[in-house]
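First up is the structure itself, then whatever we jot down about it.
Side chains included, hydrogens not; waters and symmetry mates left out as well; all remaining heavy atoms used. Chain letters run A, B, ... following the sequence lines, proteins first, then strands; residues in each count from 1.
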2 protein chains.
Amino acid sequence: MNSNPNLAEVASLIGNPSRAAMLVSLLGGKALPAGDLARAAGISPQTASTHLAKLIHAGLLIQESYGRHKYFRLANSEVGHALEALQTISPPKPIRSLRESNQLHALQFARTCYDHLAGKIGVALTDRLLEMNFIEKSGKEFLLNAKGKIKLHEFGVTVEKSPKSRRCFARQCLDWSERRYHLAGSLGASLTRRLFELKWIENLPDGRAVRVTDAGIKGLSDEFGLHLTIE
Amino acid sequence: MNSNPNLAEVASLIGNPSRAAMLVSLLGGKALPAGDLARAAGISPQTASTHLAKLIHAGLLIQESYGRHKYFRLANSEVGHALEALQTISPPKPIRSLRESNQLHALQFARTCYDHLAGKIGVALTDRLLEMNFIEKSGKEFLLNAKGKIKLHEFGVTVEKSPKSRRCFARQCLDWSERRYHLAGSLGASLTRRLFELKWIENLPDGRAVRVTDAGIKGLSDEFGLHLTIE
DNA sequence: GCAATATTTCGGTTATCATCGAAGTATGAA
DNA sequence: TTCATACTTCGATGATAACCGAAATATTGC
């Protein structure tokens, strides 16, 4: 019987540990060169090259060439969505090293999820927006009310729901580390972009973990009543 | 670097063609015995047994024993969601036989997707509910308005949003065959259950394709202005 | 108790594929 | 031109796992 779309092919591509590591590295939304992806997966450049070719062929990644560098990124948000959906049904992986443990903590604390903020911070900020009555839950979606619209506009976030873009405005995205929802969609992305702009958060050297700066700690407290504690 | 939850393990489980076939068979939401799943995947019972044990171990399936039969079903709706998300990024599989072609047409026309209605019919019925102003789009979610609440209540659908259930009320589910949204969530499930109850739709012998009965053709036309054409 | 059905366990075979060394291509720098 | 860097292709190796035959276990029906 075997129905139709061959999901097994795509799943087995994601199912290789090296390829999965590369895809997860790209979940942050940024494009990365082949060498970086090889290092992220802990494999040789040759091996990475064959993997990347397969991912391109399957339409999971797209490639941009800049001189001798080739940058890779997720082909579209549906790929990111599928990866996140897989993460929510994946059991947690045992930790091997202190380094991994530290990185895991950093990721659980704050990271970007494709293009918006996730981790403890992502969930906590979303909670504050709810508590301060700027957004409301509505099924698998958040609604931005008038009060919130004003607040975010003042904060410098361009709040516009372009009717053209089929993209969801303020999705609820299930956080794999917190197992709770954080703010995603175009609103989540705009807000996150603004936080980078203000230098309240910044990318850590590699991976998609982010760090909250001193300015960010103060700012998030003043603007959103989000009090960060050092753990 | 390799972040944390080992998504690769789950993905590689889904990535085996035999296991994928079994999982897809279970997407209809029904529980099936091991033997049926073996046949669906075209493998021997021994092989199926080892596959099923792995899927159970990984938490993708749950098992219920009735005498010498063991029934398997998807562990939760998140597993179904992940499978659907993978289908949306999977390329269509080439058709080999007339039989496969017919089955594909049947699936594209009407099928159950975990527990709600999908395919042409699923999308068309959702469209009618929108056009008749019973539900409204709101991001990745539908909202049931007062008019719709009355209509569906009259129609015999129990419309209640139990605050306990974390499940989404009226999700928009991306249809892999139509590439458009249909009504999912608990409302989608209730409505579909009612259509079965009224015998407006019925399961086809195997798989998750469904057939619209004569009563269904008349009923859908009368109640929702959905005029089915024979293709 | 005995035969039939449903499922699981074991063992051995086979095929696939991830991997890297070595060599090849392309771009940029000196 | 020459060298260095970034990536790709080829070929060989090795490990994994899907698969089925055979046999074991469990349940139902006679």
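- Neither OP1 nor OP2 of C:dT27 sits under 4.0 Å from any side-chain N or O of A:Lys70.
- Sorted by residue number, the members of residues 44-51 of chain A with any non-hydrogen atom under 4.0 Å from DNA chain D read A:Pro45, A:Gln46, A:Ser49.
- Aromatic ring pairs are classed by plane angle as parallel below 30°, tilted from 30° to 60° and perpendicular above 60°; the pair B:Tyr71 and B:Tyr66 is perpendicular.
- A donor-acceptor distance shorter than 3.5 angstrom exists from the side chain of A:Thr213 to the backbone of A:Gly216, with no hydrogens or angles considered.
- Side-chain atoms of B:Thr47 do not come within 3.5 Å of backbone N or O of B:Ile43 as any donor-acceptor pair.
- Distance, B:Asp36 CG to C:dA6 C1': 11 Å, rounded to whole Å.
- As rounded to whole Å, 16 Å separates atom P of C:dT5 from atom OH of B:Tyr71.
- For the pair B:Ser18 and D:dC19, the criterion of a side-chain N or O lying under 4.0 Å from OP1 or OP2 is met.
- The CE atom of A:Met22 sits 12 Å away from the P atom of D:dC7 (whole-angstrom rounding).
- Here C:dT8 presents its P atom at 16 Å from NE2 of B:His57, a figure rounded to the nearest Å.
- The main-chain N or O of B:Pro45 is never found under 3.5 Å from a side-chain atom of B:Ser49 such that the two would form a donor-acceptor pair.
- At whole-Å resolution of the value, OH in A:Tyr66 and C1' in D:dC7 are 17 Å apart.
- Spacing between atom CG of B:Asn16 and atom P of C:dC17 amounts to 11 Å, rounded to whole angstrom units.
- B:Leu13 places its CG atom 16 Å from the P atom of D:dT16, with the value rounded to the nearest Å.
- Look at B:Lys54 and you won't find any side-chain N or O under 4.0 angstrom from OP1 or OP2 of D:dA17.
- Checking side-chain atoms of A:Arg194 against main-chain N and O of A:Phe155 turns up a donor-acceptor pair under 3.5 Å.
- Each of A:Phe72 and B:Gly67 was matched to the nucleotide of DNA chain D holding its nearest heavy atom; the match closer to the 5' end belongs to A:Phe72.
- The NE2 atom of A:His69 sits 16 Å away from the C1' atom of D:dT8 (whole-angstrom rounding).
- Between the side chain of B:Arg68 and the base of C:dT5 there is at least one donor-acceptor pair of N/O atoms closer than 3.5 Å.
- Although no hydrogens or angles enter the test, the distance criterion places no donor-acceptor pair under 3.5 Å between the side chain of A:Asp36 and the main chain of A:Arg39.
- Side chain of B:Thr126 to main chain of B:Leu183: a donor-acceptor pair is present (N/O by atom type, distance under 3.5 Å, no hydrogens or angles).
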